[in-house]
Amino acid sequence: MSILVDENTRLLVQGITGKEGQFHTRQCVEYGTKVVAGVTPGKGGQEMDGIPVFNTVEQARQETGANAAMIFVPPGFAADAIMEAAAASIEVIVAITEGIPVLDMMKAYHAVKSSGSRLIGPNCPGIISPGRCKVGIMPGPIHLEGSVGVVSRSGTLTYEVVDQLTKNGVGQSTCIGIGGDPVIGTNFIDALELFEADPSTRGIVMVGEIGGSAEEDASEFIVGSVSKPVIGFVAGLTAPPGRRMGHAGAIISGSSGTAQAKIEAMEKAGITVVRNLGELGKTAVKVFDK
Amino acid sequence: MNIHEYQAKELFKKFDIPIPQGRVAFSVDEAKEIAEELASMPVVVKAQIHAGGRGKGGGVKLAQSIPEVESVASEILGMTLVTHQTGPEGKLVRKVLVEEGLEIDKELYLGVVPDRATASIIFMASEAGGMDIEEVADSTPEKIIRQRVKPGDGLQGFQGRSLAFGLNLEPDLIKQFIPVVAKLYNLFMQYDCSLVEINPLIITKDKRLIALDAKINVDDNALYRHKEIQDFRDLDEEDPMEVEASKFNLNYIKLDGNIGNMVNGAGLAMATMDIIKLAGAEPANFLDVGGGASAEMVENGFRIILSDRNVKGVLINIFGGILRCDILAQGVVEAANKVGIGVPVVIRMEGTNVEEGRRILDESGLDLKVATDVWDAASKVAEIAKSA
């Protein structure tokens, strides 16, 4: 089993005719994801590798029964694309796009919340339930079907973590990249809640980074609400304050958002915190296979 | 993006938020000219750099006469100002803001920032103005009052009133304060700000409300739609190597260590810096070549890392996803041939097309140390740092 995406996922891709949209749609199809539609305004009626393209999300959903969306629309139009998917009652919306203005995202965030849809990202690698369904840009072959949930704010760092788990024989139920932006749809707590409720997930790996207080909030949540073992890692112990470290959300401002504070909060909550990234896989074996 | 105080005040002026009279000066003569125009004493001369704590560092001075304006301006212009935000090397002052001096009755704080957790905009106000607001928040959090605004809903009248009453303002000042809140909100939204801060917002002895200082940061992701803000960019305030890197869409931040590193993805780049430190060496930079890096970007990345004279070794850590390992390997080989790499290089590659990438490196004849995993890579590079 898994969370949010599986063999019943019927995916539509917004921005399917663009270079990235095309490339990653093919990769998802190759992995086994059912891609049922694409949306590019003005290109309705065309096809991409036999996948029908529509002008609007609403139309695509009605014609194909799509229940999930993956967004590759450029940053200036991406918030609009998210809101379009939410308005069309798409259940799971995965926004890959990096660089969406924060104020645009704030509006989209509230639109999604009031619609009942779930947004993952933006600025994220997406979500994968190994062996079942991939909705995102992560390399499929590094994953292994199993029962550990992974939730992360990062992209390639998630691949590193997953690769180590796989090489140590620790398979994954679902891996979610929640994104590196300040305003994101699904946060650590949402993901932890889903993993806790998923009977096929026996443990969780949580990968954080500097900036904001999401890791601290999640740690507090874990104390009362998560019974499964959790392993944590936080990137950015050596990051200087006041500098944006790539991700829009990764910035230490004043005394808040430091890696040290996050690690302390995690340890206080009983999370096994890995300090040496190279040991994450081995630690997972120890913690989850006890 | 950060802008200068004088630029922020230009925006304030445009939105009719009251500021002291004055202008920016690039020379002592200009400073004198502005002081003469102001025709009142005292005059305040403020260093314009992208860092806080200017007053404590000696970058803000009061002058009581025109000759004093000249001497103060010549003192500040050209000085290397060191504050808690500049780092020990400080920043060269190239311009000063020359303003009328005002008689202060009370200092307030008013700031606007986005709140990640609630996806809303927070107004923060405090009677403890003029101080480091972080300190106020830590030691006396009850002295900060807040109002949250959802961008879809917009600022409501009651929110301005709540802030005004919370600051215990007199009726006359409430009338001045509420419009300032509304204008600040409009400015924040119109320019996609990530911070607008007035500290202090002063009440003068003659009961006027004036923004004595102004700090604005604008969301980098939204700069494309604000030409006016783009024009405010001051390259003198940025590290030349970081400017160079940005030309190639590389995300580079210079640090103080001696181990250069090049990584794809911001999270992995930070984690790589951390593991270098854990292995006993110090990272010389943060460099994210991004998800879709080309061989050319890798080459430029190399050139920028190596232009830092402190660098004694380089660690390349790439997890191939969209960026394929063979592309990276080609970039490394081309860079080595063109730039000439005079320091030891440790490479750790994993992911898409890793075999092909390793073959390219093997056949290049370059002296590269290939690492099996992240810890192995960090240990190897730390060894280099020790012997350097």
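These figures come from a predicted structure and were not determined experimentally. Letters A, B, ... are given to chains in the order of the sequence lines, protein chains preceding strands, and every chain is numbered from 1.
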Around [X], counting heavy atoms of other residues, nucleotides and ligands shown, do more than 12 lie under 6.0 Å from its [atom1]?
| X | atom1 | result |
| --- | --- | --- |
| A:Q22 | CD | yes |
| A:F77 | CZ | no |
| A:E98 | CD | no |
| B:D256 | CG | no |

I'd like to check [X] versus [Y] (side-chain heavy atoms, cut-off strictly below 4.5 Å). Are they in contact?
| X | Y | answer |
| --- | --- | --- |
| B:P114 | A:M106 | yes |
| B:W375 | A:L277 | no |
| B:M270 | A:T238 | no |
| B:D220 | A:R244 | yes |
| A:I142 | B:F319 | yes |
| A:Q164 | B:E350 | no |

Using non-hydrogen atoms only, which part of [X] is less than 4.5 Å away from chain A: side chain, backbone, both, or neither?
| X | value |
| --- | --- |
| B:T118 | backbone |
| B:D115 | backbone |
| B:Y224 | side chain |
| B:E135 | neither |
| B:L255 | side chain |

Tell me whether [X] contacts the main-chain N or O of [Y] through its side chain, where contact means a donor paired with an acceptor under 3.5 Å.
| X | Y | value |
| --- | --- | --- |
| B:D288 | A:G246 | no |
| A:H110 | B:G152 | no |
| B:D274 | A:A235 | no |

Tell me which of these, [options], has more heavy-atom pairs under 4.5 Å with chain B than the rest.
| options | answer |
| --- | --- |
| A:S154, A:P182, A:A111 | A:P182 |
| A:N187, A:I137, A:I210, A:D163 | A:D163 |
| A:P240, A:P75, A:S152, A:G249 | A:G249 |

Checklist entry - If you measure from the Lys or Arg side-chain nitrogens to the Asp or Glu carboxylate oxygens, is any gap between A:D104 and B:R225 under 4.0 Å? => result yes

Name the option with the most non-hydrogen atom pairs under 4.5 Å to chain A; the candidates are [options].
| options | value |
| --- | --- |
| B:Q85, B:M189, B:E282, B:K150 | B:K150 |
| B:S120, B:G351, B:A117 | B:S120 |
| B:I318, B:I253, B:I275, B:D373 | B:I253 |

Nearest heavy-atom neighbours spanning [X] and [Y]:
| X | Y | answer |
| --- | --- | --- |
| B:N221 | A:P101 | O-CG, 3.7 Å |
| A:H247 | B:G267 | CE1-N, 3.9 Å |
| A:G278 | B:V374 | CA-CG2, 3.7 Å |

Region of [X] in contact with chain B, defined by heavy-atom distances below 4.5 Å:
| X | answer |
| --- | --- |
| A:V161 | neither |
| A:I184 | neither |
| A:K19 | neither |
| A:Y109 | side chain |
| A:E209 | side chain |

Checklist entry - Atom CG of B:L268 and atom OG1 of A:T158: how far apart are they, to the nearest 0.5 Å? => result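 With rounding to 0.5 Å, CG (B:L268) is 9.5 Å from OG1 (A:T158).
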
Next on the checklist: Using 0.5 Å steps for rounding, measure from the CE atom of A:M245 to the CZ atom of B:F286.
Outcome noted: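 Atom-to-atom, A:M245:CE and B:F286:CZ are 5.0 Å apart.
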
Next on the checklist: Side chains of B:N264 and A:T156 only: does a donor on one sit below 3.5 Å from an acceptor on the other?
Outcome noted: no

Next on the checklist: Go through it in stages, so that I can follow the logic: the residues are B:D239 and A:R243, the test is salt bridge (Lys or Arg N to Asp or Glu O under 4.0 Å), and I'd like the CA-CA distance, side-chain angles, deciding distance and then a yes or no.
Outcome noted: CA-CA 12 Å; B:D239 182 277; A:R243 304 301 308 269; over 6 Å; no

Checklist entry - Passes side chain to side chain contact (heavy atoms under 4.5 Å, CB included), B:K277 versus A:L237? Steps please. => result CA-CA 9 Å; B:K277 171 106 175 173; A:L237 269 170; over 6 Å; no

